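Just so it is clear, the model here is predicted, and its values are computed rather than measured.
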Amino acid sequence: MKRLDNSFRKLDKFPTKVIQFGEGNFLRAFIDWQIQQMNKQGLFKGGVKIVQPLPKGMTKNLDQQDDLYTVLLEGVLNGKKYQSHEIIESVNGTVRPYDDYDEYLKLAEDDNIEVIFSNTTEAGIAFDQADKLSDRPQNSYPGKLTALLYHRFELGKRGFHIIPCELINHNGDQLKKIVLQYADLWKLGQKFVDWINNDNKFYSTLVDRIVPGYPRDRAADLEKEWGYLDQMMVKTEPFLIFVLEGSQAINDVLPLKQAGINFVVTNDMQPYRNRKVSILNGPHTTMSPIARLAGIETVGEVMKDKDFYKFINDEMYQEIIPTVALPKKELEDYAEGIKERFENPYVKHQLSAIALNSISKFAARLLPTLKRYVAKNQQLPKRIVLALAAYLKIYRGEADFDPSDTAEILAAFKKITADENYVHEALSNSEFWGEDLTLIPGLEDLVNKYLTEIDEKGTRAIVAEINADAK
């Protein structure tokens, strides 16, 4: 069988207009897929050069098939099962700074390039004091970016639209801050700083698309069906939202909305971030401990279970949506879409995977909702508190499975597991939650109550009782 190559191309090959730091599954199924949709409609007419930000990566695998790969869309969209596949032709080539740094710097010389995207993981947007301008290349992504920008500046060329997709809050602001730190560290001068501030635009973003990645269990069958070999195929859900904080002028640079993409440009992305973190990540973080203690293993099984489906649905509509500052109809539509995604028959999303680093996830995803709910209603959200109690049971070592967290968190819990005031010690530890949770009225008592009830009758019985009270 023939490997995917240029003979499969159907679109024109356009000039490079985008630099992309990162060749992973997410960017290829998110950004590069979107660029292809614009190109198919003649709206963008631009290609992507992918920079491999680490010494080891997958760019050579891409090059072996002329930078083509297949995106497989599978999931539920608007209430219907959806399956399709498409060969992505938007990547013009790859660059490996660790192999050829001069080729990397040449990207700054291309007047066609307007936009820089990145997804170097949350740890990627970080300052490394040891980075030097003379390094070939620098260790950190922001260090590499600063060197590229400085070369562009020295050539007297215009700046870029810089759009990070890393999942940290205010990612664009954080990236710009670090670039300016390097400008100071490397003594690049005030004129360069002015050029960064005036000629370049850094945007903060929120990206949302579940990308399971390479469908290893079905790859051979898919290749047989499609009639070609593809070592870089990537599976994703059909749902997508891309929120960008900035001027509406970005729509002229990236006509994504015109291409039918769910692209939102706003002057304040925080409500959208709160929406995603609260309505998507929040229920994940709630169901993980409660359902696992009841013997359930996947998100899909939760959604098929009558008791747990109602429990999660009620959490969304009664405890979460009323606390998020966006129009109710918009939030309800989003919640219905999230439920479709949770029910995706093509993805087996393990609750054990969601459980990784649960303490920090509870603090980021559920604690803000809990606090907003208390402020609004002067009472506690029972479902979120039950999740907290379930986590404390698991982290005390009282489950059939072990908690999965950082060594520091596990060591801290180990110190207090035998304490008769375990709940108080756990809730009052600000290293866990960022604050003392015993100061929230009634929380400690309700957690203790639920812990006793979990021991006596299990989480399923408590879920059924909360469901009955909600009728």
Side-chain angles (χ1 to χ4, degrees), residues 25-26 29-30 33-34 37 71-86 167 206-213 215 217-218 234-243 256-257 259-264 271-288 290-291 296-324 326-351 353-354 361 365-366 369 383-384 387 463 467 470:
N25 290 322
F26 180 80
F30 189 78
W33 180 87
Q34 292 181 68
Q37 308 318 303
V71 166
L72 171 65
L73 269 64
E74 292 190 321
V76 179
L77 189 65
N78 299 323
K80 297 180 180 180
K81 291 183 180 180
Y82 187 91
Q83 285 181 292
S84 72
H85 72 279
E86 178 178 5
L167 291 175
L206 172 69
V207 296
D208 187 2
R209 184 175 232 183
I210 296 172
V211 181
D217 57 335
R218 299 167 52 210
V234 56
K235 175 180 173 179
T236 186
E237 65 172 343
F239 175 87
L240 172 156
I241 185 171
F242 188 9
V243 182
L256 290 164
K257 194 168 184 178
I261 303 294
N262 191 11
F263 182 52
V264 177
Y272 293 93
R273 178 177 175 81
N274 291 342
R275 182 181 73 172
K276 175 185 181 284
V277 171
S278 300
I279 300 177
L280 189 155
N281 301 122
H284 267 169
T285 307
T286 296
M287 70 175 70
S288 176
I290 302 170
I296 298 174
E297 296 184 355
T298 70
V299 175
E301 291 171 15
V302 168
M303 301 307 286
K304 289 179 182 177
D305 186 291
K306 182 179 178 181
D307 290 334
F308 277 89
Y309 176 89
K310 176 173 171 51
F311 183 84
I312 293 301
N313 184 74
D314 287 350
E315 179 192 29
M316 286 180 169
Y317 279 88
Q318 296 179 22
E319 296 185 353
I320 297 175
I321 286 176
T323 74
V324 180
L326 281 172
K328 183 179 179 182
K329 178 65 164 56
E330 181 178 332
L331 294 172
E332 290 177 345
D333 289 346
Y334 184 76
E336 291 304 309
I338 294 298
K339 289 192 293 182
E340 281 190 344
R341 298 167 72 188
F342 286 174
E343 294 166 349
N344 189 342
Y346 303 103
V347 176
K348 293 183 178 179
H349 198 169
Q350 298 291 326
L351 295 174
I354 295 170
K361 285 179 178 176
R365 300 175 175 184
L366 288 175
T369 299
R383 298 163 189 84
I384 294 174
V463 163
N467 287 346

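At least one donor-acceptor pair closer than 3.5 Å links the side chain of Lys361 to the backbone N or O of Ile354. Side chain of Glu315 to main chain of Thr286: no donor-acceptor pair is present (N/O by atom type, distance under 3.5 Å, no hydrogens or angles). Checking side-chain atoms of Glu340 against main-chain N and O of Glu336 turns up no donor-acceptor pair under 3.5 Å. Looking at Thr236, its side chain never comes within 3.5 Å of a backbone N or O of Pro212 through a donor-acceptor pair. Remark: side-chain polar atoms of Asn25 are not paired, donor with acceptor, to backbone N or O of Val211 under 3.5 angstrom.
Smallest separation of non-hydrogen atoms from Ser278 and Pro283: O-CD, 3.1 Å. The shortest heavy-atom contact between Arg365 and Val277 is CA-CG1, 3.7 Å. Between Ser288 and Leu351, the closest heavy-atom pair is OG-O, 3.2 Å. Contact between Ala335 and Ile321 at its shortest, heavy atoms only, is CB-CD1, 4.0 Å. Val302 and Ile312 make their closest contact through CG1-CG1, 4.1 Å (heavy atoms, listed as atom of the first residue, atom of the second, distance). Contact record, Leu73 with Arg209: CD2-NH2, 3.9 Å, taken as the closest heavy-atom pair.
Ring planes of Phe239 and Tyr334: perpendicular class, angle over 60° (limits at 30 and 60°).
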Quick one: do His349 and Thr298 satisfy side-chain contact (heavy atoms from CB on, under 4.5 Å)? Show the steps, please. CA-CA 5 Å; His349 198 169; Thr298 70; 5.8 Å; no
Worked verdict on Ile290 versus Phe311 for side-chain contact (heavy atoms from CB on, under 4.5 Å): CA-CA 11 Å; Ile290 302 170; Phe311 183 84; 3.8 Å; yes
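Between the CD atom of Glu301 and the CG atom of Asp305 there is a distance of 9.0 Å, given to the nearest 0.5 Å. The distance from the CG atom of Asn262 to the CG atom of Leu240 is 6.5 Å, given to the nearest 0.5 Å. Here Gln83 contributes atom CD and Tyr346 contributes atom OH; the two are 3.5 Å apart, rounded to the nearest 0.5 Å. Taking CG of Asn274 as the start and OG1 of Thr369 as the end, the distance is 8.0 Å to the nearest 0.5 Å. If you take CG on Asn344 and NZ on Lys81, they are separated by 9.5 Å, rounding to the nearest 0.5 Å. Here the straight-line distance linking atom CG of Leu280 with atom OG1 of Thr285 works out to 9.5 Å at 0.5 Å rounding.
A donor and an acceptor atom, one from each side chain of Tyr309 and Lys339, are located under 3.5 Å apart.
When ring centroids are compared, His284 and Phe342 come within the 6.0 Å threshold.
Across Arg275, Met316, Glu343, Lys276, a single residue satisfies side-chain contact (heavy atoms from CB on, under 4.5 Å) together with Ile338, and that is Met316.
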